[in-house]
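Just so it is clear: chains get the letters A, B, ... in the order the sequence lines come, proteins before strands, and each one is counted from 1.
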Amino acid sequence: MSQPQRGVIPQSKEALLKSYTKKLKDDVKSMLDNFTEIVKLSRIEEDSQVTKILQAEQDQYEMQVRAANIVRAGESLMKLVSDLKQFLILNDFPSVNESISQKTQLYKHMQNDLDAKLMTLRDELSADLYELEDEYYASSYK
Amino acid sequence: MASASVNVSVEAVQEHKIQEVTLDGQEIYIPPLSMSENLAKLAHKIDFYKDESEDKGKPTSEGEKEVEEEASKAAVQPSLWPWDNIRNKLKAALTEMSVLLDVLNITKEKRYMLLDHVSQDAPEAKSAIQLMAKKKGLQSAAGVLLAGAERLKKSQQEMGTRPQNEFHIELLKLRQNWRLKKVGKTILGDLSYKSAGSRFWQGGSFEVTKNTNIANGEGDNMASTRSSLEVVIPTELEGSAFVQVEVKTVEGSMNLTSAILRMPHGLGPYPSDAHWQTKLEAAQNVLFCKELFSQLAREAVQLKSFVPYIVVGNQIISNVFPNVQLSIVLCHSTGKKDKKSQHPGKVEHNHVLEHSLHQLLREVHFKSLNMSVPHPVTATIGVTKRRRMAGPEAISRRELLEMTESETLLEQIIKQTRHAVLRLRTMKVIDAVAAKFPDPQICAHWSCLNSSLESNVRVIITSQGYEAMRPTWQSLYLEIGVNDIKVVTRERRRIILSFEEKEIEDLLLWQISQHHIAICQSLARLLSWQYISHSSATGVGEMEDFATASSVLLVSPNSDKVIAVRSGPTTGLHVHMKSDAKDIDADLASILEAKWYNLTGTFKEIDLNRIDGRNFATKLELIMASVTRKR
């Protein structure tokens with residue numbers, strides 16, 4: 001997909017990607033075909049085998065169905081966009097690795113930071129504790 | 001023109017007329033006439049006069065007409081264009097006349113053809129209906145398309161207005177934090193610690209779903225806080241859990257009645273509409289606790305010890321010291337409220353030990369994943385550096401066996417518990433002794449450098465007001481281990497105490513008695529008294545419960561007073577004084593030095609309570625100062 005440097009794509013993934021491409025083409029083609037058909041239907045035909053009213057009804061239904069088909073193709077395209085996003089999110093390992101290493105860096109940094117803070121705290125506390133112990137054991141209120 | 005049924009076309013020959021033939025045989029053609037020239041030529045042939053006289057019949061004003069015709073003829077002669085119009089009209093008239101004639105013939109003679117009424121409007125009306133139908137059809141199609149477009153636009157807009165809650169952004173965030181994969185139509189995630197080195201059988205897979213009813217949420221603020229992504233966690237991992245570690249002092253060897261699950265108050269279930277991160281973290285924690293507990297339970301069953309470990313339900317009980325038991329309980333609340341209220345009893349939960357349990361399991365995970373790199377790359381994986389070096393360093397079999405031994409989690413946690421118990425006990429004993437004996441001041445300084453298996457404390461015994469006298473300090477260094485306490489006294493004697501509290505107490509009491517003797521010696525030196533005898537194990541007097549009493553004999557500078565101090569750990573402090581013997585012979589007195597008087601006489605005990613002073617050191621100093629007579 002967007003990562004050409006990824007190199008070899010597994011077989012199933014490649015098939016999936018191909019199916020996505022096919023779906024895209026199919027949907028666009030279906031939109032175009034249906035639209036063309038609607039335009040064609042809008043022409044008044046002189047001679048027909050069936051009666052005019054039946055013809056008109058049929059044409060109307062056909063137009064509606066074709067319009068609905070166009071809408072369906074549009075929604076299918078939206079679904080395709082969503083699927084592609086999902087695919088990218090779930091299979092984009094370089095970016096996941098990057099985010100993991102970033103997080104690791106962050107946590108390591110945080111750990112060092114906290115360690116340093118804890119050490120200072122410990123030193124301060126032990127110094128204070130020493131004095132407090134002195135004071136406590138020297139006092140008559142134990 | 002029905003009558004003229006046969007068309008005969010007469011055309012000019014496509015050959016040009018030859019004007020002349022030149023001498024060399026070349027023919028010179030006359031170029032064909034153009035349309036206008038042809039017309040002009042034809043017009044020449046018309047005899048207008050003749051036409052005029054025939055058509056009109058009555059030449060009214062001959063002369064006038066002639067003049068007029070002449071004029072028009074003269075004007076038209078060069079080009080005949082104006083007449084063209086008339087000719088055309090005439091031609092049209094001729095056609096019309098012919099048609100009229102035909103029509104009249106048809107109507108008159110009805111033998112061959114009939115004229116009939118034709119419904120004139122019908123085809124036009126039909127096309128209008130068709131047109132209407134088409135229009136309607138197109139309109140409905142347009143309506144469908146517009147509705148679809150509107151829906152798409154709306155969904156797109158919705159996505160734009162709430163970018164922080166958009167499903168894919170949430171999914172991306174989820175992906176960055178958790179392992180996800182797509183199986184068929186569903187997205188599955190994994191919250192187990194398998195990737196971190198865990199080998200627990202229970203899997204932690206969860207399902208990611210899209211929260212669809214977020215758009216029609218009742219409140220705006222509700223909708224904004226709720227995420228468009230939901231996670232479905234397996235039921236056995238729901239709720240929240242923790243491992244409760246409790247160190248209890250029990251009467252008798254083992255108390256089984258305490259083996260009930262107790263749920264603390266603070267651990268409530270998280271709300272059902274919590275953020276997925278919270279849910280997943282809670283579930284992961286549940287999984288971790290389960291793994292920890294199952295590992296501990298397995299070890300408890302396998303381990304051999306003098307007092308067997310008991311695993312009851314979700315509780316593991318083990319004896320740490322006599323009368324002290326460690327209970328590890330897995331608490332898992334699945335969100336049922338009634339369970340919680342049953343146990344209002346306070347649970348003494350040891351957070352430090354729980355934390356170290358977690359730490360231990362994580363260490364196990366880490367070790368199973370991060371093995372040392374094989375040194376020749378072809379060597380087996382998992383051989384530590386020490387084992388690799390065992391050959392070159394010729395390590396004995398015993399050492400190798402030691403190397404293979406590894407401690408289980410339960411053993412480690414029991415060690416830590418022992419240490420914790422021991423440390424707590426020592427602390428309490430020191431504090432109790434310090435509170436009980438105000439006279440020598442007991443001061444304990446705990447070192448900040450300690451581990452979960454080792455800590456140390458320095459106990460300093462001083463007398464108040466005499467701290468500056470360094471030799472009087474009785475300092476002890478206690479190193480608290482797992483099973484015993486190592487003590488290093490001031491004189492660098494090393495004593496190993498067991499876990500019993502009494503031993504520490506005895507040691508401290510003994511050290512106090514030693515301190516008293518030490519202060520006597522120091523004061524004697526300070527006030528230039530003579531220090532004539534010291535016994536650290538006096539054989540006379542009251543028997544001590546443990547250890548021995550020490551005694552010291554001091555003589556005043558001019559040798560007329562003797563003070564004997566006896567200090568025992570249990571019998572306490574006794575100060576005796578011998579004054580001058582008055583019953584010595586006068587004869588002898590003249591020859592003897594004063595010091596010889598001290599050989600006889602009786603000691604009298606001094607009631608220390610009646611001497612002024614804050615502590616023994618002050619009192620003794622006062623006594624010594626008051627009995628010393630100037631020479």
Side-chain angles (χ1 to χ4, degrees), chain A residues 16 34-35 38-39 41-46 52-53 55-75 77-78 81-82 85-92 95-96 98-100 102-103 122-123 125-127 129-130 133-142, chain B residues 123 126-127 129-149 151-152 155-156 166-177 179-182 187 208 210 430-432 434-436 438 441-449 457 459-460 462 464 467 614:
Chain A
L16 191 64
N34 279 302
F35 188 70
I38 287 178
V39 172
L41 276 175
S42 64
R43 201 178 66 188
I44 295 175
E45 276 160 43
E46 289 300 324
K52 302 275 180 194
I53 295 175
Q55 182 71 44
E57 283 290 306
Q58 190 198 336
D59 287 354
Q60 270 190 32
Y61 283 128
E62 201 175 334
M63 275 179 190
Q64 277 180 22
V65 169
R66 289 197 184 278
N69 269 341
I70 292 176
V71 173
R72 190 203 55 79
E75 295 203 342
L77 281 179
M78 292 294 289
V81 169
S82 146
K85 276 185 187 175
Q86 233 175 55
F87 184 86
L88 177 64
I89 288 167
L90 294 182
N91 291 303
D92 191 4
S95 91
V96 168
E98 195 183 318
S99 91
I100 287 173
Q102 250 179 26
K103 234 164 229 177
R122 191 202 68 185
D123 290 349
L125 265 182
S126 67
L129 182 68
Y130 193 88
E133 276 170 345
D134 255 356
E135 204 61 43
Y136 169 75
Y137 288 109
S139 79
S140 54
Y141 309 100
K142 295 185 216 188
Chain B
K126 244 177 210 164
S127 72
I129 284 172
Q130 236 171 344
L131 204 65
M132 284 289 286
K134 296 278 179 196
K135 207 173 165 187
K136 211 176 146 199
L138 280 175
Q139 254 170 6
S140 66
V144 171
L145 281 179
L146 280 175
R151 200 159 63 234
L152 285 184
S155 74
Q156 203 71 20
E166 210 263 308
F167 176 72
H168 288 107
I169 289 176
E170 293 274 310
L171 189 67
L172 186 64
K173 279 184 201 159
L174 189 73
R175 180 71 185 93
Q176 280 169 357
N177 287 304
R179 289 154 60 82
L180 295 177
K181 64 177 173 181
K182 192 160 185 183
I187 304 172
V208 181
K210 195 172 175 180
I430 291 173
D431 277 5
K436 194 172 160 193
Q441 203 169 286
I442 299 172
C443 185
H445 288 300
W446 290 86
S447 168
C448 64
L449 294 170
V457 57
V459 179
I460 301 167
T462 55
Q464 202 185 9
E467 288 94 343
R614 265 190 303 191

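Of the two parts of A:R66, neither the backbone nor the side chain holds a non-hydrogen atom closer than 4.5 Å to a non-hydrogen atom of chain B. For a residue to count as touching a neighbouring chain, one of its non-hydrogen atoms must lie under 4.5 Å from one of that chain's; by this rule A:D59 touches chain B with the side chain only. Within the 4.5 angstrom heavy-atom criterion, only side-chain atoms of A:S99, from C-beta onward, approach chain B. Looking at A:L125, neither its backbone nor its side chain comes within 4.5 Å of chain B, counting heavy atoms on both sides. Heavy atoms of B:Q156 lying under 4.5 Å from chain A belong exclusively to its side chain. In this structure, chain A has a heavy atom under 4.5 Å from the side chain of B:S155, while its backbone stays farther away. Contacts between B:Q176 and chain A at a heavy-atom distance below 4.5 Å involve backbone atoms as well as side-chain atoms. Using a 4.5 Å cut-off between heavy atoms, B:L174 does not touch chain A at all. For A:S95, no part lies under 4.5 angstrom from a heavy atom of chain B.
The residue among B:H445, B:R151, B:Q464, B:R175 with the most heavy atom pairs within less than 4.5 Å of chain A is B:H445. Here A:E75 is the residue among A:E75, A:E57, A:Q64, A:R43 with the most heavy-atom pairs under 4.5 Å with chain B. For the set B:L180, B:I187, B:T462, the entry with the most heavy-atom pairs within less than 4.5 Å of chain A is B:I187.
Residues A:L129 and B:W446 share a closest heavy-atom pair of CD2-O, 4.4 Å. Considering all non-hydrogen atoms of both residues, A:A67 and B:L145 come closest at O-CD2, 3.6 Å. A pairwise comparison of heavy atoms in B:A444 and B:V457 identifies CB-CG2, 4.0 Å as the closest pair. For B:G148 against A:V71, the heavy-atom pair with the smallest separation is CA-CG1, 3.6 Å.
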- Item | side chain to side chain contact (heavy atoms under 4.5 Å, CB included) between B:E170 and A:I89, worked out | CA-CA 10 Å; B:E170 293 274 310; A:I89 288 167; over 6 Å; no
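Atom NZ of A:K103 is surrounded by more than 12 heavy atoms from other residues, nucleotides or ligands within 6.0 Å.
Judged by distance alone, with hydrogens and angles left aside, the side-chain atoms of B:K134 form a donor-acceptor pair with the main-chain N or O of A:L41 at under 3.5 Å.
When side chains are defined from C-beta on, B:F167 does not count as touching A:K85, because their heavy atoms never get closer than 4.5 Å.
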